[in-house]
There are 2 protein chains.
Amino acid sequence: MTDDTWSPPHILLAVDLVILTLRETHLHVLLVERGIEPYRGCAALPGGFLNNDREGLLAAAHRELDEEADLDATQLHLEQLGTYGDANRDPRGRVVSVTYLAIAPRLPEPTAGTDAARAAWRPVDAIVSGELPLAFDHDVIIADGIERARSKLEHTPLATAFCEPVFTISDLQQVYEAVWGVDLDPRNFYRKVQKVPNFLLPVDAERRVTKGRPARLFTAGPATTLHPPIPRPDHTASRQGE
Amino acid sequence: MTDDTWSPPHILLAVDLVILTLRETHLHVLLVERGIEPYRGCAALPGGFLNNDREGLLAAAHRELDEEADLDATQLHLEQLGTYGDANRDPRGRVVSVTYLAIAPRLPEPTAGTDAARAAWRPVDAIVSGELPLAFDHDVIIADGIERARSKLEHTPLATAFCEPVFTISDLQQVYEAVWGVDLDPRNFYRKVQKVPNFLLPVDAERRVTKGRPARLFTAGPATTLHPPIPRPDHTASRQGE
DNA sequence: ACCCTTTTTGTCACTCTAACAAAAAGCTAC
DNA sequence: GTAGCTTTTTGTTAGAGTGACAAAAAGGGT
């Protein structure tokens, strides 16, 4: 194994980003249209190769976020999702992709970045249903990202990252409903989230205008994990033995 | 950015393994003694570079598991833990390491593999306390692996991977106690794990010899997730706002 | 003023939980 | 062999947590 004549193979390292947001109560992911082969013209995740061999992985992710999506990367929640390195996933050669998951609050319009041909928010439903084909194994990566986000909603304050800095509890509920794809009882949800220590911080003496009774405003508290958690309703009960 | 003269940098890609097991009711991790520079003679995780640019990441992990630890890789639970790619983590150059987490049942003796100088089970306490220094950033990787294992014990049947194919409920309890570092009530634990559908399958009409009353035997059931989960006692309650 | 919407507070039956008691089923030693 | 020890299994019970639903509060619109 340790052969003097052998030297380790060199690999092309890429970073790809799964950027999720909420638009019109539906979960969307940011996609770009590829301008070069392979998969030219096809939808793909924003991402790219490392600039040089001194650039950190997270730094590269932030750079791509800025270049291709024109998002203020410093504000975003960014976490490593997984590394995808099947030998045949890229026809150009051995490309290993480190992927990151980012959560963005509601954003205005399909931000056209400087780098990619076109950038647009796409509903994740169209992707998981196979209706919108993606380049490489990006459909799998997105599915993994969604599942990660769904899971993190249960025991981390991730949902607040989808919201504006100041939000109401029904704003928060819409996040949970959109990401989980379920309906929740507003009354029970209202108290459940407030019962979690350090999850929500009330912003005193403020309200907001909608149609019905004005709602109290909150900001994200200092909690990093939710105790007790906000469990998903058990659609899981029906698919337990899988 | 897309400059015709620019070409992506080549990276050295490694895989490293965090292999956890239980010995004498304490959590241990498999370490090897490095035979070459850098960090020669220092303890490190088993791992190494990809053999060639056709080898898959998981395949490389399995190969290293076999070469350095002499473990039957096919039987082990193996999952991607994370990718570590700080620019300065390896003095030899830009090495990005994809790490995998493996869980092994109680194993006989420090298995000396064919590849590494020495392989030995080390208690994780000595590592997290800093008492036993490790090469590279392997201490961080191990800490992440332990936290992953602790978390997975709550909502996956991972604990059964620490046990023999057939085990008693108090065997299982010892796993939870060792990994979490807490004491659990045997009577409540007994019923709680049995109440989780598809977690444990009773092995009928069998028993085992210890000192007290013979215990029923079980095998791992088909469940992939635990509903309801087995929550950690809230040491978490005291460190919520961190 | 009345209706509509949305938010917030109440209630209640039910389940789940932690804590502890007690019984069951062997083994050991006298 | 029987008394005591250990470990496993079953019971019990008070308290917390949950989901489903009612009702009140607080505005806006007509």
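So that the names make sense, note that chain A is the first sequence line, chain B the second, and so on, each numbered from 1.
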Can you measure B:K192 atom NZ to C:dC16 atom P for me and round it to whole angstrom units? 12 Å
B:L226 vs B:F199 side-chain heavy atoms within contact, under 4.5 Å: yes
Close aromatic pair by centroid cut-off 6.0 Å: A:F189 and A:Y176: yes
Expressed in angstrom and rounded to an integer, what is the separation of A:F189 atom CZ from C:dT6 atom P? 17 Å
Residue closer to the 5' end of DNA chain D, A:D185 versus A:P214 (nearest nucleotide): A:D185
Under 4.5 Å between any side-chain heavy atoms of B:L45 and B:V18, yes or no? yes
Whole-Å gap separating P (C:dA25) and OH (B:Y190): 12 Å
Check the interface with nucleotides 27-30 of chain C: list each N/O to N/O pair with the protein under 3.5 Å, or write none.
none

Do the side chains of A:E147 and A:R232 get close enough for a salt bridge, i.e. N-O under 4.0 angstrom? yes
B:N188 CG to C:dT15 C1', in whole Å, measures 15 Å
For C:dA19, does OP1 or OP2 lie under 4.0 Å from any side-chain N or O of B:R191? no
Can you tell me how the ring of A:H138 sits relative to the ring of A:F136, calling it parallel under 30°, perpendicular over 60° and tilted otherwise? tilted
Under 4.0 Å from any heavy atom of chain B: name the first and the last nucleotide of DNA chain D that qualifies, 5' to 3'. D:dT6 to D:dT12
Under a 4.0 Å threshold between the charged nitrogen and the carboxylate oxygen, would A:R148 count as salt-bridged to A:E154? no
Checking side-chain polar atoms at under 3.5 Å, does B:Y84 have a donor or acceptor matched by the opposite partner on B:D16? no
Ignoring hydrogens and angles, are the base of C:dA21 and the side chain of B:R187 linked by a donor-acceptor pair under 3.5 Å? yes
Straight-line distance of A:H62 NE2 to A:L17 CG, nearest 0.5 Å: 9.0 Å
Between B:R213 and A:P231, who's closer to the 5' end of DNA chain D by nearest nucleotide? B:R213
Which part of the nucleic acid does B:T168 contact within heavy-atom distance under 4.0 Å: base, sugar-phosphate only, or nothing? nothing
Does the side chain of A:P105 reach to within under 4.5 Å of the side chain of A:L76, using non-hydrogen atoms? yes
